[in-house]
Every structure is written in C-alpha cells, then in structure tokens.
Amino acid sequence: MSNYDVIIIGSGAGGGTLALKLAPSGKRILILERGNYLPREKENWDATEVFVKNRYVSKDIWHDKDNKPFQPGVHYFVGGATKVFGAALFRLRQQDFTAHRTAAGLTPDWPINYDELEPYYTQAEKLYNVHGQRGDDPTDPPASAPYPFPPVSHEPRIQELTDNLKRAGYHPSFAPTGILLNETDMPQSRCIRCNTCDGFPCLVHAKSDAEVIAVRPALQYPNVTLLTNTHVQKLETSASGNEITRVIVERDGQREEFSGSIVVVSCGAANSARLLLMSTNEKHPRGLANGSDLVGRNYMFHNSIALVALSRRENPTVFQKTLTVNDFYLRAPDYEFPLGNIQMIGKTKGPMFREDSHGFAPGWTLDQMAKHAVDFWLMGEDLGLPQNRVTLNSQGEIQLHYEFTNQEPINRLRQKLQSMLEHLDMHPHLIPNNLYMGKHIPIAGVGHQSGTCRFGTDPKNSVLDVNCKAHELDNLYVVDTSFFPSIGAVNPSLTAIANALRVGDHLLQRLK
Ligand SMILES: Cc1cc2nc3c(=O)[nH]c(=O)nc-3n(C[C@H](O)[C@H](O)[C@H](O)COP(=O)(O)OP(=O)(O)OC[C@H]3O[C@@H](n4cnc5c(N)ncnc54)[C@H](O)[C@@H]3O)c2cc1C
Ligand code: SF4
C-alpha cells in the first residue's frame, strides 16, 4: 500500500486549489480523481453537444425524496464542476457570515467572520485571475487589495443596459470574472472572448478553472501525483476510530489501497457526504464524522431562475456575463428581507431553447429567439434545513431529499427585474405584453450544491471544526462547498477556493 503525507480526494475548486497550496511544501501529495481530463475537442464549444446531448454530464443517477430517479448536472473531470462553470467569482457579502433574517427564517452564524476569510479571498482572486472593479456595488465587502485585473468590458448592448439601469437609480456593476483575458492586447490574450463560455468547457484553456489554475501547476512539483479514473469507495479507520488509515479506491476496475497521514475529502457536497456515509464501521456506525447525524443534512443549492427577456431588437452580445446588480441583495424598498442577486448568463443559443419554447414567440425559429434574447440569472438564498439532505439507497446511490425553501424572495426578485426592464430601454418587446421566459432551476441543477458537512465550533451542531477537520477524527478534512453553514446569494466557488487556501495554511503548520 502506497503511503503519502496528504491524500486529496477530488480535484475541483476545493481539492485542486488545496493541492496547489500544499505543493511547494515538498510533502508527498496524492490527488485521487474519479474522472479523467476533460477531452479537448471541437464539441467543447458545440451548444447541441453540451446542452442538448449533455456530453460532459456524468451518467450518474440520483433519486429524489420520492425515490424518483433523475440525472444530476454533475461533472466528473480533473477540475470538477469548474470545467464548465461560468467563472463568476464573487465574494460572499459581509452580512452572509452572520445570522440574518430571511423570509423563511434565520440563517446560522459562521464560526469565522468575513475579516478572517478576507486575506484568502484576496489570494483567491489573484490566483484565479479575477477581473473586476470594486466600489460600484453597494454590497461589495471591504477588500485589502484591488482586483488583480480590470473588469471585463461590457459590449454595447450590455453597456446600454448598464447606463439605463444607472439612470433609473440602480447600481449595476461589473461581474467579477475569472478568465485569462487581456483586452489591451488581444493578439496575445489566451481568452478569445467567445460566446461559448458559461456552461461550456474552454477549448483553449483560458477559463480560470481548477484544472488550469491549480491542478496542472501543482503537478509541476515532483512531490504531487494525480491518479485519474480513480473512484474512492470507502475510508477505513484504525480500531480506535480516531484516524483514517486506508483509502479504498476502484481504479480502472481494480481495487487499490492508499494511506495518508492526512486525508482530505473534496468530492463536491453530495459526493463528499456519500463517501462519509458509505464508510461506516463499528466506531462510526452512522458513517464517518457523523456522531451529530448531520452528515448529508442542510443541503443547499440556491433558488435560481434563468430568465430570458425577448426583445424586438437583436442582441448581438458575444460575452454577456459582465453585469451584475445587487440592489436587492439585502432588502428591497418594499420588502424587509433579502431578495438576492441578479447577473447575466452566457448568451442563449438556439438549441438551448426547448422545442416547446416556440409557443412563446409564434412564427420564430429557435435561432431567431436566441438572437433576440437578453439572458439573466437570478439567485436567492435557500436555507439549510436538516430534512434537506443526502442519504444513500440500498445500492449506495445518492438520494437527495429536497424541498424548496424561501421562495417568495426569488419570485419578488423576478418581478423586480421585469419591472426594471419595462421601465428601461428594452422595449418594445416582441409581443405586446412583454415576454419573459423564466425557468426555476430544479433539483437536478446541482451546480451550486453545498452545506452537507457544515463547519462550526460545537460538535453537536456541526460536522467539521473551524479548520474544516472532522470533529471526530484526527486526520480527516473536508474542503469543498460542503462546509458552508449558509450559502448567501452569490456563486459559491470563490468562497470554496478561499477556504481551501485558509485550510491549506492550517495544514502547512500541521505538517511542519
Ligand atoms: C454549469 C455550471 C456553472 C457554474 N457557474 C459558476 C460560476 O459562474 N461561479 C461559481 O462560483 N460557481 C459556479 N458553478 C459552481 C461551481 O462549479 C462549484 O461550486 C464548484 O466547482 C464546487 O467545488 P467543489 O470543490 O465543491 O466540487 P467540484 O469542483 O465539483 O469537485 C469535486 C471533484 O470530486 C470528484 N469526485 C467526486 N466523487 C469522488 C470520489 N468518490 N472519488 C474521487 N473523486 C471524486 C469529482 O469528479 C470532481 O472532480 C457552476 C457549476 C455548474 C455546473
Ligand atoms: S470566453 Fe474565453 S475563457 Fe470563456 S470559453 Fe471563450 S476563450 Fe475560454
């Protein structure tokens, strides 16, 4: 059995980043990743392949609370879900770290405050090449440094929308974005600013995903090893149950075992919970680190709506994800609770509209609809509830029990956006009464999954301690989005990345 100083399971935002942070230590680090490298092929940028044929979505089947099977939007590759992410790299807002009232109840306090994570957010923004501009967004948390790169510029139609929003008294700002773009020297820029970014893999490796930014650079160190197609099945402990002694994997169909002084789980929130729940033994009969019975509970994934406004004028924008509006993040003039975040999403392409969308714009082809679409993504906070949880069925497959929470704010946010647009220069709309196609994201849209192993100070109320070490085991850590006690209403990756850097500092001390 091969022995390592650190074994990291999963190579996404959390695990990949941690590997890079630990790499210069010279310690023997093993990354175990169930997927392979995402193939670089023309299909990376083909909307039909990516969105209709789900070319890069795993074949996994999960089950809902009624045991109904569904295919979750999970991506098992080196780099994890960041291979297809939209690269919107937001910090949580300062208020997200403290208990706050929402329409559906109180969120929990985090065991650390914003100031403790701030230096790591700054490091994370530098590492992941975030482009942005501080100060325009009234909810911007304090930052110790400017963004490392200037904001990604708005194209004319989005600039026009920005100007109109400002004129109407709102505070639109540049969305913080992790891409390797140099707008002042496009011939040298790795990113070509194309229209197949959000939701697509980047064919030219110019997106700040965890493979490009973290895993590949980590592998430059001779002490770091990556095994792909290596699916971790179970973690075994010593007889005392106090430490992990063996990591059991299936690699290319064969069982293998590894051991590590420290074992870090970062499989994504649902799969990390699954791995811990699969690893029952005499000392941990409910699964590892699960004396509190909290492993798998408090699953969150945001209340999200993809909203397409169809306008009579064409929208020729290529890279659309440059604008965000947080005027209603904390409250609205007519509502005391947080509504959430508004941002753009990548420009919809014809095949991405469902065939039945024709009904919304009779006589129009799907391509015509796409040309006229202005595409928004609305995100509201969902609350971690104990009954919203990952469990395993008798085959060891994930069962995701989830009931939507805190729905009123996101519906209000949608109304706000619609009325904002009605009063802006986006009309006349395609059909007389303005046309909006809004789609609530169902539970299969697990992109923002988090919260199944929340961290905290009290072992009765949390799975992990403040350093993201399992309360009940001496050498087990979790560094993906599982640790979130609450999710806020901005995209989760930068927080997972910053936290991995923070946990990395703790581990470097421990490994000395
Ligand atoms: C379409 C899409 C768009 C998104 N856009 C954004 C965005 O714009 N901004 C943002 O902040 N976030 C975005 N996200 C979310 C973001 O990608 C995730 O929050 C982030 O990747 C989570 O990091 P993680 O480390 O928790 O998990 P992941 O990045 O998913 O990594 C988990 C890794 O573990 C591996 N793994 C799982 N189980 C095992 C096992 N048993 N053994 C070995 N390996 C295992 C997986 O293959 C995977 O590589 C998006 C997600 C999707 C799907
Ligand atoms: S916009 Fe840039 S980062 Fe995004 S897919 Fe295109 S080339 Fe890659």
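Atoms considered below: every heavy atom in the structure, side chains included; atoms not considered: hydrogens, waters and symmetry mates. Atoms within each ligand, like the ligands themselves, are counted from 1 in listed order.
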Arg91 with Asp137: basic N within carboxylate O range, under 4.0 Å: no

So is His75 in contact with ligand 1, going by heavy-atom distances below 4.0 Å?
->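 Per 4.0 Å heavy-atom rule, His75 contacts ligand 1.
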
| Does Thr82 come within less than 4.0 angstrom of ligand 1, counting non-hydrogen atoms of the residue? | yes

With a heavy-atom distance limit of 4.0 Å, tell me whether [X] approaches ligand 1 through its side chain, its backbone, both, or neither.
| X | answer |
| --- | --- |
| Ile9 | side chain |
| Arg274 | neither |
| Val446 | neither |
| Ala496 | neither |
| Ser450 | neither |
| Ser266 | backbone |
| Asn271 | side chain |

Is Leu275 close to ligand 1, meaning an N/O of one under 3.5 Å from an N/O of the other? no

Flag Ala87 as yes when one of its N or O atoms lies below 3.5 Å from any N or O atom of ligand 1, and as no otherwise.
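Ala87 vs ligand 1: N/O contact under 3.5 Å present.
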
Can you figure out which of [options] has its heavy atom closest to [atom]?
| atom | options | answer |
| --- | --- | --- |
| atom 39 (C) of ligand 1 | Lys234, Lys321, Arg34, His448 | Arg34 |
| atom 28 (P) of ligand 1 | Ala81, Gly15, Ser58 | Ala81 |
| atom 50 (C) of ligand 1 | Phe85, Phe90, Phe484 | Phe85 |

Quiz item: Aromatic rings Tyr477 and His506: how do their planes relate, parallel, tilted or perpendicular, breaks at 30° and 60°?
Solution: tilted

_I'd like to know: is atom 6 (Fe) of ligand 2 within the 2.8 Å range of an N/O/S atom from Cys194, strictly under that distance?_
yes

Please confirm whether Arg193 makes a cation-pi placement over Phe319, using NZ or CZ under 6.0 Å from the six-membered ring centre and within 45° of the ring normal.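 Not flagged: Arg193 not positioned over aromatic ring of Phe319.
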
Derivation and outcome, side chain to side chain donor-acceptor pair (under 3.5 Å), residues Thr324 and Asn341: CA-CA 7 Å; Thr324 184; Asn341 165 268; 3.0 Å; yes

If you scan protein heavy atoms around atom 40 (C) of ligand 1, the nearest is His231 CD2, 3.6 Å

Going by heavy atoms, is Phe200 under 4.0 Å from ligand 2? no

Got a sec: is Cys197 within less than 2.8 Å of atom 4 (Fe) of ligand 2 via an N/O/S atom?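 Yes.
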
Check: Is there a side-chain contact between Leu275 and Val232 (heavy atoms, below 4.5 Å)?
Finding: yes

Tell me whether Cys202 has at least one N, O or S atom under 2.8 Å from atom 8 (Fe) of ligand 2.
->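 Coordinating: yes.
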
